[in-house]
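Remember, predicted model here, so these are calculated numbers, not experimental data. Residues take their numbers from the sequence shown, with the count starting at 1.
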Amino acid sequence: AALLQKMFLAGAKNLEAKKEWINDLNVFPVPDGDTGTNMTLTIMSAAKEVQSLENADMLTIAKAISSGSLRGARGNSGVILSQLLRGFTKEIREHKEIDAVILAKACERATATAYKAVMKPKEGTILTVAKGISRKAEELAETTEDLEVFIPEVIKYAEEVFLTFASPLLRRGDIQDIVRAASAVVGLVDDVAQKHHLGRLSAVEVKRYLASAVVEELGQLLQIGRAH
């Protein structure tokens, strides 16, 4: 429970540090400039309650995360984040310790709760990444009990899921928005992974992928221009 408390607070601080960067994304499904602000207000509301706890057990921490995020939810992004946290904490609250199987079930419940909370879910958003995470977590839970293997692999797959819809988004919005989005995602999860010695993501591989995607899209645009 104490480790969960520390990890949640660390994640909240990392999100707050990237707030303005996330605000600048403006990609999909609605171009706006407050996603980072809304998500930060939501998670910091939960962090405030979690930080005030002393010698808390799993149930108390889970309730603080869920109630704090629900009360502090702002905007669509904040509501989705609060529902992800609500589903996740519902699964872990009855356990004294969390293993790979419990984490996988928590990820699945988080995803299901978030999808149900959105009237018209859109793929190519945080919901798609959450679904990918839950599927990968379920798969890994059958092969390893080592969280130092489990968590980095889930994070790596989340990155891969994001990149599968990053390229199509290049056709919808500004190329720089996609580059910032990928950088923000990699930066956030890598910060948490490093802090808790859970392994590093390959930023070089991400940059190579983005570079090839940008070249491909620009090539198609040039071909269209020549055709006209």
Side-chain angles (χ1 to χ4, degrees), residues 1-16 39-73 77-118 126-159 161 185 188-189 191-199:
L3 180 58
L4 174 65
Q5 185 177 26
K6 290 179 181 178
M7 292 183 72
F8 181 79
L9 293 174
K13 289 180 180 178
N14 282 322
L15 178 57
E16 183 180 35
M39 293 183 74
T40 298
L41 289 171
T42 301
I43 202 165
M44 293 311 292
S45 174
K48 184 178 180 180
E49 292 197 22
V50 172
Q51 193 166 25
S52 67
L53 301 175
E54 295 183 7
N55 301 318
D57 57 15
M58 199 72 74
L59 176 60
T60 306
I61 294 173
K63 285 182 176 179
I65 293 173
S66 181
S67 62
S69 61
L70 287 171
R71 279 197 292 267
S77 57
V79 169
I80 293 173
L81 176 59
S82 71
Q83 293 303 309
L84 286 169
L85 294 173
R86 177 170 173 255
F88 187 89
T89 54
K90 274 190 174 182
E91 188 63 42
I92 67 169
R93 63 196 306 167
E94 303 302 332
H95 302 279
K96 292 183 178 180
E97 294 184 353
I98 300 175
D99 58 18
V101 173
I102 294 170
L103 265 182
K105 290 180 179 179
C107 289
E108 192 282 327
R109 193 161 183 176
T111 301
T113 303
Y115 266 91
K116 288 178 182 178
V118 179
I126 190 174
L127 292 174
T128 307
V129 177
K131 182 165 61 178
I133 287 173
S134 63
R135 288 176 176 174
K136 188 64 175 180
E138 181 182 14
E139 174 190 319
L140 286 170
E142 297 177 356
T143 60
T144 182
E145 297 179 356
D146 187 349
L147 293 183
E148 291 191 4
V149 173
F150 179 91
I151 294 176
E153 284 297 313
V154 170
I155 292 173
K156 181 180 179 181
Y157 188 73
E159 170 195 358
V161 172
V185 171
L188 282 169
V189 295
D191 283 347
V192 175
Q194 287 183 66
K195 180 177 283 291
H196 297 286
H197 309 290
L198 299 175

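Between M58 and L4, the shortest heavy-atom contact is SD-CD2, 3.5 Å.
Atom OG of S82 is separated from atom CZ of R71 by 12.0 Å, given to the nearest 0.5 angstrom.
Side-chain contact between E145 and D99: absent, with no pair of heavy atoms (C-beta onward) separated by less than 4.5 Å. For the pair V154 and L103, the minimum side-chain heavy-atom distance is 4.5 Å or more. Here the side chains of L85 and T42 are not in contact, with every heavy-atom distance at 4.5 Å or above. No side-chain heavy atom of E138 sits under 4.5 Å from any side-chain heavy atom of E108. The shortest distance between side-chain heavy atoms of I133 and T111 does not fall below 4.5 Å. Contact of the L53 side chain with the E49 side chain is not registered, since no non-hydrogen atoms from C-beta on lie closer than 4.5 Å. K90 is not listed as a side-chain neighbour of T113, based on a closest heavy-atom distance of 4.5 Å or more.
Summarising the local packing, NZ of K136 is surrounded by more than 12 heavy atoms from other residues, nucleotides or ligands at distances under 6.0 Å.
Formation of a donor-acceptor pair under 3.5 Å by the S66 side chain with backbone atoms of K63 is not found in this model. Put simply, the side chain of Q5 gets close to the backbone of V50: a donor and an acceptor are under 3.5 Å apart. At least one donor-acceptor pair closer than 3.5 Å links the side chain of S69 to the backbone N or O of I65. Side chain of T144 to backbone of L140: no donor-acceptor contact under 3.5 angstrom is found.
With salt bridges taken as basic N to acidic carboxylate O contacts below 4.0 Å, none links E159 and K156.
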